[in-house]
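Everything on this sheet refers to the single structure shown next.
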Amino acid sequence: MKTNSLRHPAGATDTLSTARRIFLVDDHPVTRQGIAMLIDQEPDFVVCGEADSAPLAIAMIPKAAPHLAIIDITLKSTGGIELLKDLKMLMPTLPMLVMSMHDESLYAERALRAGARGYVMKHEPNELVIAAIRRVLAGELALSPRIKERMLNHLATGGRNSTSSPMELLSDRELEVFQLIGNGFANREIAERLNLSVRTIDSYREQLKSKLHLDSSRALVHHATQWIKSETVG
């Protein structure tokens with residue numbers, strides 16, 4: 001399986017032309033291969049292309065003409081949430097499903113606001129992953145019962161939730177910067193990855209310290225590093 005490849009062109013005239021075309025965006029080749037094998041086992045599904053970064057996805061997805069894009073949260077450059085927003089503007093009718101290892105309680109609602117139609121954790125059984133894909137392709141939302149209940153409670157309380165953690169108060173971009181800090185990237189590296197200025201990243205760091213009630217840059221780095229470790233273990 002090729003990395004960052006287009007497969008089965010949209011104009012193909014073989015039996016694959018009737019299958020539902022799915023594009024994968026994930027920066028781990030082994031993960032992409034596993035998801036592709038799972039999808040290709042379904043007689044009415046076919047993987048039509050793959051990308052490991054947001055820029056490649058933006059360039060390739062219009063050419064691949066998929067019926068669905070499956071997108072991870074963590075990518076090589078701009079994160080999955082920003083990619084969802086960009087694709088929503090570029091292809092407003094394209095259904096998108098997030099598949100990620102990251103905690104759905106922190107990311108699922110963000111993903112929906114950005115344009116996704118569902119969120120599924122990578123550790124879910126294969127049959128649940130396929131069911132989520134089918135629900136999104138059918139025009140439905142694909143969310144776990146826990147997230148559905150959480151969102152209903154959120155609506156019932158008018159958006160007020162006294163149990164929300166400080167992490168949930170971060171904007172999408174703040175959370176992305178926080179994640180990169182936790183992964184050991186310096187300000188200049190973060191700026192290059194996100195196509196922002198170093199001064200802007202400095203500003204985000206100050207906002208993060210304020211929202212997370214941290215009194216120093218060292219405390220911010222420590223907190224971000226510990227959070228990344230807990231995400232990885234979880």
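Qualifying side-chain hydrogen bond (donor to acceptor under 3.5 Å, both in side chains) partners for E176, counting only residues two or more places apart in sequence or in other chains: R173.
Looking only at side-chain heavy atoms (C-beta outward), P29 and Q33 stay at 4.5 Å or farther from each other. No side-chain heavy atom of L175 sits less than 4.5 Å from a side-chain heavy atom of Q179. At a threshold of 4.5 Å between non-hydrogen side-chain atoms, the residues V120 and L128 do not count as touching. For the pair S105 and R146, the minimum side-chain heavy-atom distance is below 4.5 Å. Contact of the M167 side chain with the L212 side chain is registered, since non-hydrogen atoms from C-beta on lie closer than 4.5 Å. Between I181 and L208 the shortest side-chain heavy-atom distance falls below 4.5 Å. Side-chain contact between H28 and T74 is absent, with no heavy atoms from C-beta onward closer than 4.5 Å. Looking only at side-chain heavy atoms (C-beta outward), Y107 and V98 stay at 4.5 Å or farther from each other.
A side chain to side chain contact (heavy atoms under 4.5 Å, CB included) with V25 is found for one member of I61, L56, D52 and no other, namely I61.
Of all heavy-atom pairs between A142 and A132, the closest is CB-O, 3.6 Å. Of all the heavy atoms in G80 and I71, the pair that sits closest is CA-CG2, 4.1 Å. Closest approach of K88 and G115 over heavy atoms only: CD-CA, 4.2 Å. The two residues Y119 and L143 have their closest heavy-atom pair at N-CD2, 3.9 Å. For V136 against P95, the heavy-atom pair with the smallest separation is CG1-CB, 3.7 Å. When all heavy atoms of L75 and D26 are compared, the pair lying nearest together is CD2-CA, 4.0 Å.
Annotation: N195, atom CG; neighbour count of heavy atoms from other residues, nucleotides and ligands within 6.0 Å does not exceed 12.
In terms of modelled atom types and a separation under 3.5 Å, the side chain of E124 and the main chain of M121 share no donor-acceptor contact. Checked by atom type and distance alone, the side chain of R117 pairs as donor or acceptor with a backbone atom of G139 at under 3.5 Å. Not one N or O on the side chain of R20 forms a donor-acceptor pair closer than 3.5 Å with the backbone of H67.
Ion pairing between a basic and an acidic side chain is recognised when a charged N comes within 4.0 Å of a carboxylate O; R32 and D72 show no such pairing.
Counted by atom type alone, E206 and S210 present zero donor-acceptor pairs between their side chains at under 3.5 Å.
Counting only residues at least two apart or on different chains, the ring pair (Phe, Tyr, Trp, His ring centres under 6.0 Å) pairs with a member in residues 176-222 are F178-H223, F178-W227.
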